[in-house]
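Read the structure below first, then the notes.
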Amino acid sequence: MELPEVDRIRITSIVDNFVDNLLRDQGPALRRPRQARSYERCLCAEHGLAECVQSERRGETFPLLFDFGATPLVYLHNLKLLLDDYRLDLASIRTLVLSHGHWDHYGGLLAFLQEKRQALPREAHLYAGEDAFLARWSVSGKDGRRDMGALDEKAIADFEIGVVRVKEPRLLAGQALLSGEIQRKTSYEVSSPASRVLRDGQDIQDDLPGEQALVYHLRGKGLVVLTACGHAGVVNTVLHAREVTGVEKVHAIIGGFHLSGAPEERIRKTVEDVAALDPDFVVPMHCTGIETIDALSERLPRKVIYNSAGTRYELIAD
Ligand SMILES: [Fe+2]
C-alpha cells in the first residue's frame, strides 16, 4: 500500500508514565515551556498513554487524538493545560484513534466525550481494532483473577461518535496509516498466557491481535512508527510497517514497547533487533520499562530521547 509522504509531523505527549519538568530539548523533542510552580499548571504522570498527532501534507493539516490515558482525572487535566499551551483546537479534530481495549489507553475517553463532545466536529469518528470492546482480565498464581474491564461501545455511540472497526491496514486522510492487525514474526515477542479475553463466548489467551500502531512516511526521512502499548512487539510492529508500506528506512520509533518486567533475554533480543532496524531516534514511553530504556540508551547512544508528558516532537521532512 502506498503511504503518501507528509511534510511534517508534530506529536504532543498528553499522558505518559513519566513527567520530568527539567529535561532539556533534544533533537526534535521540545519541552513544554516552564510554568508557574503550582498544581494547576503542572502536568501529571500515570500508567497510561495519550498523544495528539498533527501531520501536514501540501499545506493540509490532519490532526488526530491517539489514545486517552488511564483516568479521566489525569487525561482531562493534562489535555486542558496542553490545549491552552499549544493552542490545539478540538474543532479541527475529526479523528480519534484507540490503539487497543486496555484501560490505560481508553480510561479518559468517555469522560472526554462527556466534557468535550460538543467541541468536536459533528462527524467525528473513533477508529479501533475489532477486539477493542471485549471483556478482559488476567490470571496469575500470585494475584489470582484480576478484572481489566471493557470499553462500552454503546456509550461511545450515545455521544454520536461513529465507530470504525479496523482489521486491515487503513489510510486516514491520505496522511496516516493505521497498521491493521500486526503479524507476529519474531520468536521472542510473545503474549503472556496470563492475559485472557472473552471472544465469541470463549475464554482464551489474549494476544491482542487488534492493537493498532500509527505509521507516517516523512518525506526524505522514512517511517515514523507510533506503537502505543506495543503488545505485538516493537520489532514486529516496525517490520509490519515496512512490509505494508514498502518503505525500508525507519526514521523514528515512538511509544510503549511493553517490556517492563520482561525477562532479560527478551529485552536483550529486542534491543539488538531495534538497533538493527537502524532508526534515527527512539522515544521509549509508557510501558517500555526502565531496564529497557537503560539498555536502549547504552546500545544506541544519542538516539534515545526520554519522554515526559508535555513534550512536543517536531519532525520535519528533508
Ligand atoms: Fe498500555
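Remember, it's 1-based here, ligands and their atoms both numbered in the order they're listed. Scope of the values below: all heavy atoms of this structure, side chains included, with no hydrogens, waters or symmetry mates. The structure displayed is predicted, hence computed values, not measured ones. Index from 1, following the sequence.
- Closer than 2.8 Å to the Fe ion (ligand 1) sit the protein N, O or S atoms Asp104 OD2, His105 NE2, Cys229 SG, His286 NE2.
- Within the structure, ring-ring contact (aromatic ring centres under 6.0 Å, His included) contacts touching residues 255-280 (residues at least two apart or in different chains) are His231-His258.
- For residues 112-130, the side chain to side chain donor-acceptor pair (under 3.5 Å) pairs, not counting sequence neighbours, are Arg94-Glu123.
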Run the side-chain donor-acceptor check on residues 48-66: report pairs under 3.5 Å with partners two or more places apart or on a different chain.
residue	atom	partner	partner atom	Å
Ser55	OG	Phe62	O	3.4
Ser55	OG	Gln175	OE1	2.7
Arg57	NH1	Glu5	O	2.7

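- Looking at Arg268 and Glu265, a side-chain N of the basic residue comes within less than 4.0 Å of a carboxylate O on the acidic one, giving a salt bridge.
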query = When you look at His286 and His47, which way does the side-chain contact (heavy atoms from CB on, under 4.5 Å) test go after all the steps?
reply = CA-CA 7 Å; His286 178 41; His47 181 92; 3.5 Å; yes
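- Between Arg196 and Gln205, the closest side-chain pair of non-hydrogen atoms falls below 4.5 Å.
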